[in-house]
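One structure below.
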Amino acid sequence: MVARPPKPGEITDRNLALDLVRVTEAAAISASHWIGMGRKNEADGAAVDAMRRAFDVVDIEGTVVIGEGEMDEAPMLYIGEKVGAGGPAMDIAVDPLEGTTLTAKGGPAALAVVAVAEQGNFLHAPDIYMDKIAVGGGLPDHLISLDAPVKENLHNLARAKKCDVSDLVACILDRDRHAELIAKTREAGARIMLISDGDVTGVVATATPDSEIDIYMGWGGAPEGVLAAAALRCIGGQMQGRLIYENDQQISRAREMGHNDPHKVFTLEEMAKGDVMFAATGVTTGPMLRGVKRFGNGATTHSMVMRSKSGTVRFVEATHNFKTKTWTPH
């Protein structure tokens, strides 16, 4: 297989959107076998294996830039792994199971997620923390900043939305490291939705009309930050991210990936640029997608797929017959 640059319109011509949905469907169905079973590693492993096999028939020459970790840590979907059946050279960002603990506990909003862009258009983020802030679309440019105080960001957002700060809902991961952020948000007068996991969902929810979330703030995984940025590029929004280093080893790894300024704030376009596509399938039911519903020898799935170039958002409902599937759904 020889990688080549994509021709104009080729991504759509090859029906990549539906191919990506098939990839996330496979991961979600396989993970669904472990919902509520208290075994997050098994759920994650099933999703990873199914997603990797599903990529074998996708007509791209893909390179995983956001994945399950380094090659010596992950048996598949590791950073640098080549996937696909051949075609245009693409960057691949994956989270086969965003919300492993949610799945194990039967909690809401676990997803199987994948994003693709033309080669070189995704931020190569190490698997460390990233400080993030995000809001939805239709707002004045440069409205939020990681360098601004929490109170200032909230007041600017309330002014732009023509509402009181007390009307705003901030989504924050429920972690001890966010104690000060939570306190400052409440002092400013905003309400908070604390989530146990799933910061991709939290970021995307800021741009979802039916969501109650107005702003996402706090530390989460850097790989998830790139995936969230890919989704926002498709549906509109603003986001900033800054890598958080906890030791010299992380700094060295980041420098190997081209990140020499430890204080750099990445914009949405720097994290995911060019023509981006994003797909997700619900594993458990959440605010964006319904979860997998299994029955006898089949299951139903609910997915979404988006593209930045067109701004199109499609929702796909599918019924799967396990008797005729070429892959085993667990």
Side-chain angles (χ1 to χ4, degrees), residues 24 28 31-32 34-36 38 40 43-44 47 95-113 115 127-136 144 146 150 153-154 157 165-232 235 237-242 244 278 280-292 302 304:
T24 56
S32 72
W34 299 98
I35 294 173
K40 67 177 185 179
D44 188 53
D95 194 344
L97 184 56
E98 206 236 352
T100 55
T101 300
L102 291 172
T103 302
K105 294 182 176 181
L111 301 172
V113 179
D127 192 8
I128 61 176
Y129 282 128
M130 174 185 280
D131 192 9
K132 310 167 193 175
I133 186 168
V135 294
I144 53 172
L146 283 175
V150 172
N153 281 319
L154 291 171
L157 179 57
V165 174
S166 60
D167 295 323
L168 299 177
V169 175
C171 181
I172 301 173
L173 278 172
D174 189 5
R175 300 289 189 272
D176 291 342
R177 62 178 179 269
H178 288 148
E180 183 178 357
L181 173 61
I182 291 169
K184 288 183 176 179
T185 301
R186 287 174 173 157
E187 287 172 9
R191 294 172 292 154
I192 296 176
M193 179 183 292
L194 292 174
I195 58 174
S196 61
D197 291 281
D199 56 343
V200 172
T201 301
V203 170
V204 175
T206 65
T208 304
D210 294 335
S211 168
E212 298 177 357
I213 296 171
D214 298 286
I215 186 170
Y216 179 91
M217 298 185 291
W219 293 17
E224 289 82 359
V226 175
L227 280 162
L232 276 191
I235 55 177
Q238 298 178 40
M239 182 176 177
Q240 291 185 355
R242 180 190 283 124
I244 303 296
F278 174 94
T281 299
V283 178
T284 59
T285 298
M288 287 196 305
L289 297 167
R290 296 189 300 277
V292 176
H302 189 212
M304 69 189 307

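Note: hydrogens, waters and symmetry copies are ignored here, and every other heavy atom, side chains too, is used.
Shortest non-hydrogen contact noted between Val283 and Ala112 is CG2-N, 3.9 Å. Leu102 and Ser196 get closest at one heavy-atom pair: CD2-OG, 3.3 Å. In this structure, Ala207 and Ile235 approach most closely via the heavy-atom pair CB-CD1, 3.6 Å. Here the closest heavy-atom approach between residue Ala190 and residue Leu154 is recorded as CB-CD1, 4.0 Å. Closest approach of Gly291 to Thr285, counting heavy atoms only: N-OG1, 2.9 Å. Closest approach of Ala28 and Gly282 over heavy atoms only: CB-O, 3.9 Å.
A 4.5 Å side-chain heavy-atom check between Asp44 and Trp34 finds every atom pair outside the cut-off. At least one side-chain heavy atom of Leu111 sits under 4.5 Å from a side-chain heavy atom of Met288. Looking at Thr201 and Ile195, their side chains never come closer than 4.5 Å, going by heavy atoms from C-beta outward. Using a 4.5 Å heavy-atom cutoff, the side chains of Ile215 and Ile133 are in contact.
Note that CZ of Arg191 and OG1 of Thr185 are 13.0 Å apart. Values are rounded to the nearest 0.5 Å. Expressed to the nearest 0.5 Å, how far NE2 of His178 lies from CG of Leu194 amounts to 10.0 Å. Distance check: Ile182 CD1 to Met217 CE gives 9.5 Å after rounding to the nearest 0.5 Å. Annotation: the span from Leu146 atom CG to Gln240 atom CD amounts to 5.0 Å, rounded to 0.5 Å. Annotation: the span from Lys105 atom NZ to Thr100 atom OG1 amounts to 10.0 Å, rounded to 0.5 Å. Atom OG1 of Thr24 sits about 12.5 Å away from atom CG of Leu97, to the nearest 0.5 Å.
Put simply, the side chain of Thr284 never gets that close to the backbone of Gly106: no donor and acceptor are under 3.5 Å apart. Of the possible donor and acceptor atoms, none in the side chain of Glu212 sits under 3.5 Å from a partner among the backbone N and O of Val169.
Applying the salt bridge (Lys or Arg N to Asp or Glu O under 4.0 Å) test to every pair with at least one member in residues 199-210, sequence neighbours left out, gives these pairs: Lys132-Asp199.
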Check: Which is it for Phe278 and Leu232 under the side chain to side chain contact (heavy atoms under 4.5 Å, CB included) test, yes or no, and what are the steps along the way?
Finding: CA-CA 9 Å; Phe278 174 94; Leu232 276 191; over 6 Å; no

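Remark: Arg175 pairs with Asp197 by the side-chain hydrogen bond (donor to acceptor under 3.5 Å, both in side chains) rule, at least two apart or across chains.
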